[in-house]
Amino acid sequence: MSKITFSKPGNFIYPVPAVLVSLKDKSGKMNILTIAWTGTICSDPPMAYISVRPERASYHMLKETGEFVINLPDEKMVRALDYCGVRSGARTDKWKDMRLTPEKSSTIEAPSIKEAPVSIECKVKQVIPLGSHDMFLAEVMAVNVDEKYIDEKGKFHMDKVGLVAYSHGDYLALGKKLGSFGYSVRKKKKGEKHAHS
């Protein structure tokens, strides 16, 4: 395998989560924006981040209230995922346009998206200006999931949700399981084959 230096330095860490962030300002106006610059940054306390351009319509809402919800969309929500990334909340009501339902969150004022299988309520702890984007570091206050993905033992089956990833301009379906955490060192059960073994 040979590699070449591709263009100028840039973000090439793909795939990444593609999420719908819901929020509202102090006057009660709500909006949704699509974010691909997001992720986990700490497990104890649980913390996540989103990075947002200051010129986005939702930016002032984030600064004003310090609250947002990261909604993980499934494959049925891909059109909304794209639409909420290319349309401005200053000019259109994305909730109405995409037939999405604002749902009361359990710990914060920002609404969740009812149709999303997973909604993660976040409270901003720090804002870091970085250049094109400001990073909003937030503590996870609550995680709400669609009960149809929880089995009788109380385990949540994220693999059955039909999550979506973003990779270099494209939305991709996630699906095929290749292994589970620790499988490379776990002793095999009789008759079990490990992926890539």
Side-chain angles (χ1 to χ4, degrees), residues 16-41 43 45-52 56-125 127 136-166 171 173-174:
V16 292
V19 303
L20 289 165
V21 172
S22 51
L23 60 171
K24 74 174 178 179
D25 65 18
K26 287 191 173 168
S27 75
K29 183 181 179 188
M30 296 182 289
N31 196 22
I32 308 168
L33 74 158
T34 299
I35 296 279
W37 301 164
T38 184
T40 299
I41 49 174
S43 52
M47 292 187 75
Y49 81 94
I50 59 172
S51 289
V52 181
R56 293 290 295 263
S58 295
Y59 182 88
H60 84 276
M61 296 178 168
L62 285 164
K63 292 283 275 191
E64 192 177 292
T65 66
E67 295 182 348
F68 61 90
V69 180
I70 297 173
N71 300 274
L72 306 186
D74 59 19
E75 292 176 32
K76 296 188 294 286
M77 299 177 74
V78 172
R79 188 166 185 276
L81 185 65
D82 186 62
Y83 185 88
C84 292
V86 296
R87 289 285 183 255
S88 172
R91 289 187 286 281
T92 189
D93 183 344
K94 300 181 204 178
W95 296 90
K96 185 178 169 187
D97 294 352
M98 290 292 102
R99 296 184 178 92
L100 295 174
T101 313
E103 186 171 56
K104 186 169 173 46
S105 295
S106 58
T107 64
I108 62 175
E109 292 299 314
S112 298
I113 299 173
K114 185 176 185 178
E115 291 76 11
V118 179
S119 296
I120 303 158
E121 300 176 19
C122 300
K123 196 175 274 283
V124 176
K125 296 297 178 187
V127 182
F136 291 80
L137 304 179
E139 185 169 351
V140 174
M141 308 307 291
V143 177
N144 304 298
V145 300
D146 188 330
E147 61 187 3
K148 74 180 175 188
Y149 299 110
I150 300 175
D151 67 20
E152 63 282 351
K153 293 180 181 172
K155 181 181 177 184
F156 181 69
H157 291 272
M158 188 74 92
D159 57 319
K160 292 195 167 54
V161 171
L163 294 175
V164 176
Y166 177 80
Y171 305 105
L174 297 175

Just wondering, do [Y] and [X] contact through their side chains at under 4.5 Å, heavy atoms?
{"X": "Val118", "Y": "Phe156", "result": "yes"}
{"X": "Leu100", "Y": "Lys114", "result": "no"}
{"X": "Val52", "Y": "Ile50", "result": "yes"}
{"X": "Pro111", "Y": "Lys24", "result": "yes"}
{"X": "Ile150", "Y": "His157", "result": "no"}
{"X": "Ser105", "Y": "Val69", "result": "yes"}
{"X": "Val164", "Y": "Leu174", "result": "no"}

Pairs in or reaching into residues 85-94: which pass side chain to side chain donor-acceptor pair (under 3.5 Å), with residues at least two apart or in two chains?
Thr92-Asp97
Can you pull out every side chain to side chain donor-acceptor pair (under 3.5 Å) where at least one residue sits in residues 138-148? Sequence neighbours excluded, please.
Glu121-Asn144
Residue pairs fulfilling ring pair (Phe, Tyr, Trp, His ring centres under 6.0 Å) with at least one residue in residues 58-106, sequence neighbours excluded
Tyr59-Phe136
[atom2] on [Y] to [atom1] on [X], rounded to 0.5 Å:
{"X": "Cys84", "Y": "Asn31", "atom1": "SG", "atom2": "CG", "result": "7.5 Å"}
{"X": "Asn71", "Y": "Ser22", "atom1": "CG", "atom2": "OG", "result": "4.0 Å"}
{"X": "Leu62", "Y": "Cys122", "atom1": "CG", "atom2": "SG", "result": "10.5 Å"}
{"X": "Asp82", "Y": "Tyr171", "atom1": "CG", "atom2": "OH", "result": "3.5 Å"}

Evaluate Leu72 against Leu20 for side-chain contact (heavy atoms from CB on, under 4.5 Å), listing each step before the verdict.
CA-CA 7 Å; Leu72 306 186; Leu20 289 165; over 6 Å; no
side-chain hydrogen bond (donor to acceptor under 3.5 Å, both in side chains) assessment of Thr101 paired with Glu115
CA-CA 7 Å; Thr101 313; Glu115 291 76 11; 2.6 Å; yes
Is the shortest side-chain N to carboxylate O distance from Lys76 to Asp74 below 4.0 Å?
yes
Glu64 atom CD, over 12 foreign heavy atoms within 6.0 Å
yes
Are the side chain of Thr65 and the backbone of Asp25 linked by a donor-acceptor contact shorter than 3.5 Å?
no
